[in-house]
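Structure first, commentary second.
All values below were derived from every heavy atom in this structure, side-chain atoms included, with hydrogens, water molecules and symmetry-related copies excluded. Computed from a prediction, not measured in an experiment: that's the story for all the values here.
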Amino acid sequence: MKAAVVVANEDVQYQEMEEPKVTKGTVKIRVRYSGICGSDIPRVLNHGVHFYPIVLGHEFSGDVVEVGEGVTKVKVGDRVSGAPLLPCMKCDDCQQGNFSLCKHYSFIGSRQQGSNADYVVVPEQNAVPFESSVPYEQGAMFEPATVAIHGVFQNDYHGGEYVAILGGGTVGMFTMQWTKIFGSKKVVVFDISEEHLELAKRLGADEVINTREEGYMEKAMAITGGKGYGFVFETAGQVPTMHMAFELAANKAHVCFIGTPHENLTFTPAQWENMNRKEFKLTGSWMSYSAPYPGREWDLTAHYFATGQLKFDPGFIYKKIPMSQAQEAFQLFKTPGLVKGKILLSNEEE
């Protein structure tokens, strides 16, 4: 088979490699689309892989073409996405169903060969079937959609409150939709990109706020009658939005950091004191799994994709690029701000 193989730093070569074989309890998937995740960019451009050569890719969709002995969850011909985490299932965290916190895990597309290839083989439990009415492009978005709903669960979310979504990227757009599905009073998306804010409106945001505009905080607080937001989700991983979360939170609010920071984060005493004075609860969220593995995050995503309530929009996708041009695709990320949305590597005839 052909695969986009990372052979050295900044060097992705589309080359022939041995096709993975099905074993007992595993499933072979013909990959249609494989998304480039933000975590893949430093792997390629900044010596970020565990070993060379490696096939990256962990956000994917495709068709089951072969099943191993004993497989009953899926059959040949099913459309599937894949849960990339391979927890050890033996440690204390796994035994308690906290698979995201396993310290002895493996991971498809970073610690073992991934989906930037013609085929990928995954354990049966990692194959997540979805309806044929759901396009393959949307099927490749399972992972970010499940990351979003895991954060919603981590934040002890309930309906009837004002919700702030800080960051209008893919995870932010799905977080916004989940909070609406589960009954928000009003959900407001904050971003610096008008394109992101337009997408948020198309997907159902009640209000959008460009934080580059003067007086944005007053406008944001006015929406809530000055009380602040009962639920705040930081999805951008940026220092300004993490500070903003503390300011937007209402008394007794729930604040969740889904985004991952990539620079030092400091607070002034007055900024940090917001947590004391408002008595809000702050939590983090990591990946997207629960028991029974891979969890309700994946089941609910499949369900709400099928019903159409969890919406997909062409605006999620920046470009669809042939798998053979993976090297060129990764080079696009060298230009700051150029890539707005997801790049899907495609094995399809476009």
Going through the distances and angles, do N210 and E194 end up as a side chain to side chain contact (heavy atoms under 4.5 Å, CB included)?
CA-CA 7 Å; N210 190 323; E194 283 299 326; 2.9 Å; yes
Is there a ring pair (Phe, Tyr, Trp, His ring centres under 6.0 Å) between Y105 and F99 once you walk through the steps?
CA-CA 9 Å; Y105 68 93; F99 305 110; over 10 Å; no
Is there a donor-acceptor contact under 3.5 Å from the side chain of N116 to the main chain of A3?
no
Check for a donor-acceptor pair, side chain of S81 on one end and backbone N or O of G139 on the other, with a separation under 3.5 Å.
yes
Side chains of residues 237-250: which donor-acceptor pairs under 3.5 Å do they make with residues two or more places apart or in other chains?
unit_1	atom_1	unit_2	atom_2	d
T241	OG1	E234	OE2	2.6
T241	OG1	Q238	O	2.9
H243	NE2	T266	O	2.6

Check P87 against C94 and note the closest heavy-atom contact, atom names and distance.
CB-SG, 3.6 Å
Might you point out which heavy atoms bring P261 and G259 nearest each other, and give the distance in Å?
CD-O, 3.8 Å
Is there a side-chain contact between P84 and E143 (heavy atoms, below 4.5 Å)?
yes
Treating W178 as the side-chain partner and A145 as the backbone partner, does any N or O pair qualify as donor plus acceptor under 3.5 Å?
yes
Treating Q13 as the side-chain partner and V5 as the backbone partner, does any N or O pair qualify as donor plus acceptor under 3.5 Å?
no
CA sep, side-chain torsions, deciding dist, call: K73, D78, salt bridge (charged side-chain N to carboxylate O under 4.0 Å, His left out):
CA-CA 10 Å; K73 182 179 177 182; D78 283 352; over 6 Å; no
Go through it in stages, so that I can follow the logic: the residues are N274 and F280, the test is side chain to side chain contact (heavy atoms under 4.5 Å, CB included), and I'd like the CA-CA distance, side-chain angles, deciding distance and then a yes or no.
CA-CA 8 Å; N274 273 308; F280 67 68; 4.2 Å; yes
Side chain to side chain contact (heavy atoms under 4.5 Å, CB included) assessment of K319 paired with L332
CA-CA 11 Å; K319 280 183 188 293; L332 295 174; 4.3 Å; yes
Could you tell me whether the side chain of D156 reaches within less than 4.5 Å of the side chain of K281, counting heavy atoms only?
no
Give a yes or no answer on whether the side chain of E124 reaches the backbone of V74 with a donor-acceptor pair at less than 3.5 Å.
no
List the steps, then state whether salt bridge (charged side-chain N to carboxylate O under 4.0 Å, His left out) holds for E207 with K219.
CA-CA 11 Å; E207 304 263 4; K219 180 181 175 183; 5.8 Å; no
Check R32, R79, K28 against D63 for a side-chain hydrogen bond (donor to acceptor under 3.5 Å, both in side chains) and give me the one that passes.
R32
I'd like to know whether the aromatic ring centres of F174 and F316 sit less than 6.0 Å apart in this structure.
yes
Are Q309 and Y304 linked by a side-chain donor-acceptor pair shorter than 3.5 Å?
no
Side-chain contact, heavy-atom cut-off 4.5 Å: M323 with K2?
no
Quick one: closest heavy-atom pair of V232 and N155, and the distance?
O-ND2, 3.5 Å
For residues F153 and R296, determine if any side-chain heavy atom of one lies less than 4.5 Å from a side-chain heavy atom of the other.
yes
Between N126 and L85 (side chain of the first, backbone of the second, donor and acceptor by atom type, cut-off under 3.5 Å), is there such a pair?
yes
Indicate whether any N or O donor in one side chain lies under 3.5 Å from an N or O acceptor in the other, for S290 and E297.
yes
Which value, rounded to the nearest 0.5 Å, describes the distance between C37 atom SG and I343 atom CD1?
12.5 Å
Looking at CD of E198 and OG of S193, how far apart are the two atoms once the value is rounded to the nearest 0.5 Å?
9.5 Å
Quick check: are there more than 12 heavy atoms from other residues, nucleotides or ligands sitting under 6.0 Å from CG of D92?
no
Ring centroid separation for Y216 and F190, is it under 6.0 angstrom?
no
Show your working on salt bridge (charged side-chain N to carboxylate O under 4.0 Å, His left out) between R43 and D40 and close with a plain yes or no.
CA-CA 5 Å; R43 288 177 179 133; D40 291 324; 3.0 Å; yes
Y157 meets the ring pair (Phe, Tyr, Trp, His ring centres under 6.0 Å) criterion, sequence neighbours left out, with F231
With a 3.5 Å distance limit and no angle check, can you tell me whether Q271 reaches the backbone of T268 through a side-chain donor-acceptor pair?
yes
Answer yes if V171 and F60 sit in the same cluster of Ile, Leu, Val, Met, Phe, Trp and Tyr residues linked by side chain heavy atoms under 4.5 Å apart, and no otherwise.
no
Side-chain donor/acceptor of T235 to backbone N/O of G167, under 3.5 Å
yes
Expected output: side-chain Q154 to main-chain G284 donor-acceptor under 3.5 Å:
yes
So do S39 and H58 actually touch side chain to side chain, heavy atoms under 4.5 Å?
yes
State yes or no: do V27 and F107 share one hydrophobic cluster built from I, L, V, M, F, W and Y residues joined by side-chain heavy-atom distances below 4.5 Å, directly or via other members?
no
Are I181 and Y229 linked, directly or through intermediate hydrophobic residues, by side-chain heavy-atom contacts shorter than 4.5 Å (ILVMFWY only)?
no
For E214, I'd like to know if atom CD has over 12 heavy atoms of other residues, nucleotides or ligands within 6.0 Å.
no
Answer yes if the side chains of Q331 and K334 hold a donor-acceptor pair under 3.5 Å, and no otherwise.
yes
If you round to the nearest 0.5 Å, how far is OH of Y162 from NZ of K186?
6.0 Å
Could you check I36 against V339 for side chain to side chain contact (heavy atoms under 4.5 Å, CB included), going step by step and ending with a plain yes or no?
CA-CA 11 Å; I36 296 179; V339 179; over 6 Å; no
Test item: S115 side-chain N/O and S34 main-chain N/O as donor-acceptor pair under 3.5 Å
no
Between M176 and L203, which heavy-atom pair has the shortest distance, and what is it?
CE-CB, 3.7 Å
Is V122 reachable from M17 through a run of hydrophobic residues whose side-chain heavy atoms are each under 4.5 Å from the next?
no
